[in-house]
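These notes concern the structure reproduced below.
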Amino acid sequence: ASGLIQWYDSETSETIISNGSSLFIPNLTSSKSYWVENQELNPTIYYGGEPKINLLKSPNDLNTFINWGLIFDTSENINLLGTDVYVSNAGTIQIKVVDAAGAEICTTGNIAVTVTGLSSSMTIPLDFYIPKGTGYKLLIKSFNGAKLYRDVNNSFPIVDSQNILTIKSGYFDAPTPNYYYYFYNIAYKKYCSSERKEVQAIVINTPVPTAANQSYCITEAKTVGDLVATGTDVKWYDSANGTTELTATTLLTTGTYYAT
């Protein structure tokens with residue numbers, strides 16, 4: 001598939017356990033079903049949040065804005081493409097998204113911003129994959145010299161035309177329902193999901209081979225092929241954690257051998 005392949009542990013779960021064309025499950029002791037789906041980006045670009053700053057209201061360009069931004073929900077898996085900012089002082093910024101628990105899930109590198117004033121804006125590329133969920137925050141991660149404009153007296157929530165991206169509030173240390181911080185005209189694409197398909201991981205429990213202690217005379221020049229064990233397709237190793245199988249012609253020496 002050409003899209004985003006995602007794995008789940010049930011047909012209805014919304015918790016992604018892995019991404020990619022293959023699924024690795026360590027220490028699987030019994031057979032289990034998993035479900036996989038493919039997601040393709042819809043080519044249409046949608047926009048959420050405030051479309052632009054309101055020039056009739058008093059902006060703020062204070063530079064104490066690390067971890068300031070917006071709280072948002074998304075009712076579908078989306079890709080945040082970019083956002084507009086209004087810049088009063090040039091410098092660099094980093095932007096991040098954290099989940100409802102405060103864990104960072106996406107971040108940009110340092111992005112140079114130039115002065116735009118209030119009459120024009122600058123678009124910052126993001127390319128963030130955001131799973132369906134609530135309580136996300138789009139925040140300033142770091143800055144150097146840059147100052148950005150906020151807006152005031154906004155009416156939250158701000159819901160986009162698709163009822164997908166909802167801006168719940170501004171944010172600095174806590175929700176700020178009277179302030180809108182920094183990120184305007186937020187562009188995104190939504191994912192279209194395929195039907196989920198079941199994939200069965202089959203665990204075959206092979207009995208452990210058994211063997212008794214065995215003794216040979218050194219003059220017999222016995223080899224690994226002479227060792228006796230009860231089991232199916234038995235393989236021999238010279239250590240309990242060995243990964244290299246001994247060949248049948250390997251001469252035996254005094255010691256312990258391990259069979260699987």
Side-chain angles (χ1 to χ4, degrees), residues 4 6 14-16 19 39 41-54 57 59-62 64-87 93-109 111 113 121-143 146-193:
L4 180 63
Q6 296 181 322
E14 294 186 359
T15 301
I16 301 166
N19 293 300
Q39 297 197 35
L41 270 178
N42 184 310
T44 304
I45 299 176
Y46 304 100
Y47 296 89
E50 276 201 356
K52 62 182 179 180
I53 201 165
N54 190 327
K57 298 175 182 176
N60 171 34
D61 64 352
L62 294 176
T64 53
F65 51 35
I66 289 177
N67 288 326
W68 290 22
L70 300 173
I71 302 172
F72 72 95
D73 300 341
T74 176
S75 61
E76 297 186 22
N77 299 337
I78 61 173
N79 182 271
L80 287 184
L81 302 175
T83 183
D84 292 348
V85 294
Y86 292 83
V87 185
I93 60 173
Q94 280 188 290
I95 299 173
K96 66 181 178 180
V97 170
V98 300
D99 63 17
E104 182 180 298
I105 60 172
C106 304
T107 185
T108 66
I111 297 173
V113 294
S121 61
M122 177 179 180
T123 299
I124 304 297
L126 298 177
D127 193 24
F128 291 166
Y129 171 72
I130 309 295
K132 173 183 176 181
T134 61
Y136 291 109
K137 298 181 184 73
L138 180 65
L139 303 171
I140 295 294
K141 180 178 180 178
S142 67
F143 72 97
K147 295 182 181 180
L148 304 180
Y149 287 104
R150 73 177 185 184
D151 210 349
V152 296
N153 298 326
N154 292 283
S155 179
F156 294 105
I158 303 171
V159 184
D160 81 301
S161 62
Q162 303 300 301
N163 291 314
I164 293 175
L165 182 62
T166 300
I167 307 301
K168 304 295 290 294
S169 174
Y171 182 84
F172 70 92
D173 298 330
T176 55
N178 295 321
Y179 297 96
Y180 186 99
Y181 286 100
Y182 312 134
F183 306 118
Y184 304 86
N185 203 37
I186 302 168
Y188 73 92
K189 290 181 178 180
K190 63 180 180 178
Y191 283 91
C192 298
S193 300

Exercise for review: Using the test side-chain contact (heavy atoms from CB on, under 4.5 Å), find all partners of S161 that sit at least two apart in sequence or belong to another chain.
Suggested key: none

Review point. Is the Y149 to Y182 ring centre distance short of 6.0 Å?
Key: no

Practice item. Any chance you could measure D160, atom CG, to T74, atom OG1, to the nearest 0.5 Å? Key: 8.5 Å

Review point. What residues, two or more places apart in sequence or in another chain, satisfy side chain to side chain donor-acceptor pair (under 3.5 Å) together with K52?
Key: none

Point to revise | With T123 via side chain to side chain donor-acceptor pair (under 3.5 Å) - residues at least two apart | key: D84

Check your understanding: Does any donor atom in the side chain of Q94 or T108 lie under 3.5 Å from an acceptor atom in the other side chain?
Key -> no

Study note, to complete from the structure: Sequence neighbours excluded, the answer for side chain to side chain donor-acceptor pair (under 3.5 Å) partners of N42 is T44

Exercise for review: Could I get the full list of side-chain contact (heavy atoms from CB on, under 4.5 Å) partners for Q6, not counting sequence neighbours?
Suggested key: L4, Y8, I16, N19, E37, Q39, N77, Y129

Review point. Which residues pass the side chain to side chain donor-acceptor pair (under 3.5 Å) test with D127, sequence neighbours left out?
Key: N79

Review point. Can you list every salt bridge (Lys or Arg N to Asp or Glu O under 4.0 Å) pair that touches residues 165-192, not counting sequence neighbours?
Key: D73-K168

Check your understanding: Got a sec, which residues hit ring-ring contact (aromatic ring centres under 6.0 Å, His included) with Y184, two or more places apart in sequence or on another chain?
Key -> Y86, Y180

Revision key, fill the gap. Smallest heavy-atom separation, I71 atom then P175 atom, equals CD1-CG, 3.8 Å

Show me the side-chain donor-acceptor pairs of residues 133-141 shorter than 3.5 Å, one per line, residues at least two apart or across chains.
unit_1 : atom_1 : unit_2 : atom_2 : d
Y136   : OH     : P131   : O      : 2.7
K141   : NZ     : E104   : OE1    : 3.4
K141   : NZ     : E104   : OE2    : 3.3

Practice item. Tell me whether the centres of the aromatic rings in F65 and F172 are closer together than 6.0 Å. Key: no

